[in-house]
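Counting starts at 1 for both ligands and their atoms, following the listed order. Throughout, numbering of the chain's residues begins at 1 and tracks the sequence. The figures that follow rest on heavy atoms only: side chains count, while hydrogens, waters and symmetry mates do not. Keep in mind the model is a prediction, meaning the values are calculated, not measured.
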Amino acid sequence: MEKRLIIAIDGYSSCGKSTFARMIARELNYIFIDSGAMYRAVTLYCIRRKFISGQGLNTRGILEELKDINIDFIYNPDINTHETFMNSENVEAEIRNMEVTSYVSRISQIPEVRARMVELQRQIGAFKGIVMDGRDIGTVVFPDADLKIFMTAAADIRARRRYDELKAKGINIDFEEIKRGIIARDIADENRDISPLRRADDAIVLDNSRMTVDAQMQWVREIIEKKINAGRN
Ligand code: DC
(Lines give C-alpha, C1' and ligand atoms only; values in the text may rest on other atoms or scores of the structure.)
Protein backbone atom coordinates (compact mmCIF):
# COMPACT_ATOMS: atom_id res chain seq x y z
CA MET A 1 0.00 0.00 0.00
CA GLU A 2 1.10 3.53 -0.72
CA LYS A 3 2.81 5.27 2.16
CA ARG A 4 0.43 7.67 3.91
CA LEU A 5 2.02 10.83 5.19
CA ILE A 6 1.58 13.33 7.97
CA ILE A 7 1.94 16.75 6.35
CA ALA A 8 2.43 19.77 8.64
CA ILE A 9 1.80 23.25 7.27
CA ASP A 10 2.72 26.13 9.55
CA GLY A 11 3.16 29.81 8.99
CA TYR A 12 1.88 33.32 9.41
CA SER A 13 -1.81 34.19 9.48
CA SER A 14 -3.62 34.87 6.19
CA CYS A 15 -0.95 33.17 4.08
CA GLY A 16 -3.44 30.81 2.52
CA LYS A 17 -2.35 27.86 4.67
CA SER A 18 -5.83 26.40 4.98
CA THR A 19 -6.62 26.74 1.28
CA PHE A 20 -3.35 25.04 0.42
CA ALA A 21 -3.73 22.30 3.05
CA ARG A 22 -7.32 21.65 1.99
CA MET A 23 -6.31 21.24 -1.66
CA ILE A 24 -3.49 18.86 -0.82
CA ALA A 25 -5.86 16.78 1.31
CA ARG A 26 -8.39 16.63 -1.53
CA GLU A 27 -5.82 15.45 -4.04
CA LEU A 28 -4.41 12.77 -1.79
CA ASN A 29 -7.72 11.82 -0.24
CA TYR A 30 -6.35 12.67 3.19
CA ILE A 31 -8.02 14.22 6.22
CA PHE A 32 -7.60 17.99 6.45
CA ILE A 33 -7.41 19.53 9.89
CA ASP A 34 -7.39 23.29 10.39
CA SER A 35 -5.90 23.50 13.89
CA GLY A 36 -6.63 27.24 14.05
CA ALA A 37 -10.32 26.31 13.79
CA MET A 38 -9.95 24.38 17.04
CA TYR A 39 -8.61 27.44 18.89
CA ARG A 40 -11.36 29.48 17.26
CA ALA A 41 -14.03 27.01 18.43
CA VAL A 42 -12.76 27.22 22.02
CA THR A 43 -12.80 31.02 21.70
CA LEU A 44 -16.39 30.99 20.47
CA TYR A 45 -17.37 28.81 23.42
CA CYS A 46 -15.68 31.30 25.80
CA ILE A 47 -17.45 34.27 24.21
CA ARG A 48 -20.82 32.58 24.52
CA ARG A 49 -20.16 31.65 28.15
CA LYS A 50 -18.93 35.23 28.77
CA PHE A 51 -15.52 33.97 29.89
CA ILE A 52 -13.90 36.58 27.65
CA SER A 53 -14.93 40.15 26.90
CA GLY A 54 -13.06 43.42 26.49
CA GLN A 55 -9.93 43.05 28.59
CA GLY A 56 -11.50 40.48 30.94
CA LEU A 57 -10.61 36.80 30.94
CA ASN A 58 -12.11 34.26 33.32
CA THR A 59 -9.36 31.67 33.10
CA ARG A 60 -10.81 29.61 35.92
CA GLY A 61 -14.15 29.29 34.15
CA ILE A 62 -12.42 28.29 30.92
CA LEU A 63 -10.32 25.62 32.60
CA GLU A 64 -13.30 24.19 34.44
CA GLU A 65 -15.23 23.73 31.23
CA LEU A 66 -12.41 22.87 28.83
CA LYS A 67 -13.26 19.18 29.08
CA ASP A 68 -16.83 19.93 27.99
CA ILE A 69 -15.76 21.40 24.67
CA ASN A 70 -15.84 18.73 21.99
CA ILE A 71 -14.47 19.55 18.59
CA ASP A 72 -14.99 17.42 15.49
CA PHE A 73 -14.28 17.80 11.82
CA ILE A 74 -17.08 16.32 9.77
CA TYR A 75 -16.88 15.75 6.04
CA ASN A 76 -19.49 17.59 3.98
CA PRO A 77 -19.77 15.90 0.56
CA ASP A 78 -21.63 18.91 -0.90
CA ILE A 79 -18.55 21.09 -0.58
CA ASN A 80 -16.02 18.23 -0.61
CA THR A 81 -14.30 19.22 2.61
CA HIS A 82 -14.44 18.95 6.39
CA GLU A 83 -16.28 21.47 8.55
CA THR A 84 -15.72 22.37 12.20
CA PHE A 85 -18.26 21.24 14.78
CA MET A 86 -18.34 22.30 18.41
CA ASN A 87 -20.47 20.16 20.70
CA SER A 88 -22.31 18.82 17.63
CA GLU A 89 -23.08 22.28 16.20
CA ASN A 90 -21.66 23.37 12.86
CA VAL A 91 -19.66 26.49 13.76
CA GLU A 92 -17.58 26.71 10.57
CA ALA A 93 -18.91 30.17 9.64
CA GLU A 94 -19.22 31.67 13.11
CA ILE A 95 -15.64 30.93 14.15
CA ARG A 96 -14.41 33.18 11.30
CA ASN A 97 -16.20 36.31 12.53
CA MET A 98 -14.35 39.42 13.69
CA GLU A 99 -15.13 38.93 17.37
CA VAL A 100 -13.66 35.43 17.48
CA THR A 101 -10.71 36.60 15.38
CA SER A 102 -9.95 39.42 17.79
CA TYR A 103 -9.95 37.16 20.89
CA VAL A 104 -8.41 33.95 19.61
CA SER A 105 -4.77 34.95 20.22
CA ARG A 106 -5.52 35.38 23.92
CA ILE A 107 -7.28 32.04 24.21
CA SER A 108 -4.51 30.26 22.33
CA GLN A 109 -1.97 31.52 24.86
CA ILE A 110 -3.50 29.57 27.74
CA PRO A 111 -1.17 26.59 28.40
CA GLU A 112 -3.97 24.19 29.36
CA VAL A 113 -5.94 25.05 26.22
CA ARG A 114 -2.87 24.35 24.09
CA ALA A 115 -2.16 21.08 25.89
CA ARG A 116 -5.73 19.90 25.25
CA MET A 117 -5.69 20.93 21.59
CA VAL A 118 -2.33 19.23 20.98
CA GLU A 119 -3.69 16.06 22.57
CA LEU A 120 -6.74 16.12 20.27
CA GLN A 121 -4.58 16.90 17.23
CA ARG A 122 -2.30 13.94 17.95
CA GLN A 123 -5.29 11.64 18.35
CA ILE A 124 -6.59 12.67 14.94
CA GLY A 125 -3.12 12.31 13.41
CA ALA A 126 -2.64 8.81 14.75
CA PHE A 127 -4.38 7.51 11.61
CA LYS A 128 -1.86 9.10 9.22
CA GLY A 129 -2.98 10.38 5.85
CA ILE A 130 -3.49 13.84 7.25
CA VAL A 131 -2.72 17.44 6.35
CA MET A 132 -2.80 19.76 9.35
CA ASP A 133 -2.22 23.50 9.24
CA GLY A 134 -1.41 25.82 12.12
CA ARG A 135 1.47 27.46 13.95
CA ASP A 136 3.15 24.65 15.90
CA ILE A 137 2.30 21.52 13.93
CA GLY A 138 5.83 20.78 12.69
CA THR A 139 7.52 21.95 15.90
CA VAL A 140 5.27 20.63 18.69
CA VAL A 141 2.32 18.56 17.51
CA PHE A 142 4.09 16.34 14.96
CA PRO A 143 7.84 16.90 15.24
CA ASP A 144 8.28 13.69 13.20
CA ALA A 145 5.91 14.73 10.39
CA ASP A 146 6.88 13.31 6.97
CA LEU A 147 6.69 16.70 5.32
CA LYS A 148 6.84 20.14 6.93
CA ILE A 149 6.12 23.34 5.06
CA PHE A 150 6.51 26.81 6.52
CA MET A 151 4.42 29.41 4.68
CA THR A 152 5.03 33.09 4.51
CA ALA A 153 4.07 36.10 2.35
CA ALA A 154 4.52 39.86 2.58
CA ALA A 155 2.12 41.54 5.05
CA ASP A 156 0.79 43.88 2.36
CA ILE A 157 -0.08 41.00 0.08
CA ARG A 158 -1.73 39.04 2.87
CA ALA A 159 -3.79 42.08 3.85
CA ARG A 160 -4.84 42.61 0.23
CA ARG A 161 -5.99 38.99 -0.11
CA ARG A 162 -7.94 39.18 3.14
CA TYR A 163 -9.47 42.50 2.11
CA ASP A 164 -10.63 41.04 -1.23
CA GLU A 165 -12.01 37.96 0.53
CA LEU A 166 -14.06 40.05 2.98
CA LYS A 167 -15.22 42.42 0.27
CA ALA A 168 -16.46 39.47 -1.79
CA LYS A 169 -18.52 38.47 1.25
CA GLY A 170 -19.98 41.97 1.41
CA ILE A 171 -18.00 42.94 4.52
CA ASN A 172 -16.61 46.46 4.36
CA ILE A 173 -13.49 46.99 6.38
CA ASP A 174 -10.60 49.40 6.02
CA PHE A 175 -7.51 47.93 4.34
CA GLU A 176 -5.12 49.54 6.85
CA GLU A 177 -7.11 48.07 9.73
CA ILE A 178 -6.79 44.59 8.24
CA LYS A 179 -3.06 45.07 7.78
CA ARG A 180 -2.62 46.27 11.36
CA GLY A 181 -4.55 43.21 12.56
CA ILE A 182 -2.33 40.87 10.54
CA ILE A 183 0.87 42.45 11.85
CA ALA A 184 -0.45 42.35 15.43
CA ARG A 185 -1.26 38.66 15.05
CA ASP A 186 2.22 37.94 13.63
CA ILE A 187 3.75 39.56 16.70
CA ALA A 188 1.43 37.70 19.09
CA ASP A 189 2.10 34.36 17.35
CA GLU A 190 5.87 34.81 17.31
CA ASN A 191 6.22 36.11 20.84
CA ARG A 192 3.94 34.03 23.01
CA ASP A 193 5.71 32.02 25.72
CA ILE A 194 4.51 28.59 24.74
CA SER A 195 4.77 27.12 21.27
CA PRO A 196 5.54 30.40 19.51
CA LEU A 197 5.40 30.42 15.75
CA ARG A 198 8.78 29.43 14.36
CA ARG A 199 10.03 27.43 11.43
CA ALA A 200 11.02 23.85 12.30
CA ASP A 201 14.64 23.22 11.31
CA ASP A 202 13.53 20.62 8.76
CA ALA A 203 10.64 22.63 7.29
CA ILE A 204 10.69 23.80 3.67
CA VAL A 205 9.89 27.49 3.31
CA LEU A 206 7.19 28.50 0.84
CA ASP A 207 6.93 32.24 0.22
CA ASN A 208 3.79 32.53 -1.87
CA SER A 209 3.78 36.34 -2.22
CA ARG A 210 4.01 36.00 -5.96
CA MET A 211 2.63 32.50 -6.53
CA THR A 212 -0.79 31.40 -7.69
CA VAL A 213 -2.52 28.54 -5.93
CA ASP A 214 -1.90 26.39 -9.02
CA ALA A 215 1.82 27.12 -8.90
CA GLN A 216 1.91 26.19 -5.24
CA MET A 217 0.15 22.92 -5.96
CA GLN A 218 2.56 22.08 -8.73
CA TRP A 219 5.47 22.81 -6.41
CA VAL A 220 4.15 20.61 -3.62
CA ARG A 221 3.08 17.72 -5.88
CA GLU A 222 6.69 17.01 -6.81
CA ILE A 223 7.81 17.08 -3.21
CA ILE A 224 5.02 14.77 -2.08
CA GLU A 225 5.68 12.33 -4.89
CA LYS A 226 9.29 12.05 -3.81
CA LYS A 227 8.28 11.48 -0.19
CA ILE A 228 5.82 8.75 -1.15
CA ASN A 229 8.28 7.07 -3.50
CA ALA A 230 11.00 7.18 -0.86
CA GLY A 231 8.68 5.14 1.36
CA ARG A 232 8.31 2.38 -1.27
CA ASN A 233 10.59 -0.61 -1.12
O1 DC B 1 -4.95 30.09 11.45
P2 DC B 1 -5.98 30.92 12.19
O3 DC B 1 -5.89 32.39 11.94
O4 DC B 1 -7.37 30.40 12.02
O5 DC B 1 -5.61 30.72 13.72
C6 DC B 1 -6.36 31.34 14.72
C7 DC B 1 -5.50 31.61 15.94
O8 DC B 1 -5.13 30.41 16.59
C9 DC B 1 -4.23 32.40 15.69
O10 DC B 1 -4.27 33.55 16.51
C11 DC B 1 -3.11 31.53 16.14
C12 DC B 1 -3.76 30.40 16.88
N13 DC B 1 -3.22 29.10 16.54
C14 DC B 1 -2.27 28.56 17.35
O15 DC B 1 -1.88 29.18 18.31
N16 DC B 1 -1.77 27.32 17.07
C17 DC B 1 -2.19 26.64 16.01
N18 DC B 1 -1.67 25.42 15.77
C19 DC B 1 -3.14 27.19 15.15
C20 DC B 1 -3.64 28.44 15.43
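Polar contact with ligand 1: present for R114 (N/O pair, distance under 3.5 Å). For ligand 1, the polar-atom distance check against S35 finds a nitrogen or oxygen pair separated by under 3.5 Å. Taking any N or O of Y39, backbone or side chain, none lies under 3.5 Å from an N or O belonging to ligand 1.
Atom CG of N191 has more than 12 heavy atoms from other residues, nucleotides or ligands within 6.0 Å. In this structure, K50 places its NZ atom where only 12 or fewer heavy-atom neighbours from other residues, nucleotides or ligands lie under 6.0 Å away.
To the nearest 0.5 angstrom, Y45 atom OH is 12.0 Å from I107 atom CD1.
At a heavy-atom cutoff of 4.0 Å, ligand 1 is contacted by the side chain of R185 but not by its backbone. For D189, every heavy-atom contact with ligand 1 shorter than 4.0 Å involves the side chain, none the backbone.
Scanning all protein heavy atoms for the shortest distance to atom 9 (C) of ligand 1 gives R135 NH2, 3.5 Å. With hydrogens left out, the protein atom closest to atom 20 (C) of ligand 1 is G36 CA, 3.5 Å, a heavy atom. Remark: minimum distance from atom 12 (C) of ligand 1 to any protein heavy atom is reached at S108 OG, 3.8 Å.
Of the candidates A188, S105, A184, it is S105 that places a heavy atom closest to atom 10 (O) of ligand 1. Residue R40 holds the heavy atom nearest to atom 4 (O) of ligand 1 of all those in M38, Q109, M132, R40.
For the ligand labelled ligand 1, residue R192 lies inside the 4.0 Å heavy-atom shell.
Near D136, the atoms of ligand 1 lying under 4.0 angstrom from a non-hydrogen atom of the residue are 16 (N), 17 (C), 18 (N). For ligand 1, the atoms closer than 4.0 angstrom to any heavy atom of G134 are 18 (N), 19 (C).
When atom types are taken as modelled, the side chain of N58 and the backbone of G61 share a donor-acceptor pair closer than 3.5 angstrom. Looking only at distances, no side-chain donor or acceptor of D136 sits under 3.5 Å from a matching main-chain atom of L197.
The aromatic rings of W219 and F20 lie tilted to each other, with the angle between the two planes from 30° to 60°.
Remark: R160 qualifies as a cation-pi partner of F175 under the 6.0 Å distance and 45° angle criteria applied to the six-membered ring.
In this structure, H82 has its ring center closer than 6.0 angstrom to the ring center of Y75.
Exactly one of R40, E92, E89 qualifies for a side-chain hydrogen bond (donor to acceptor under 3.5 Å, both in side chains) with T84. That residue is E92.
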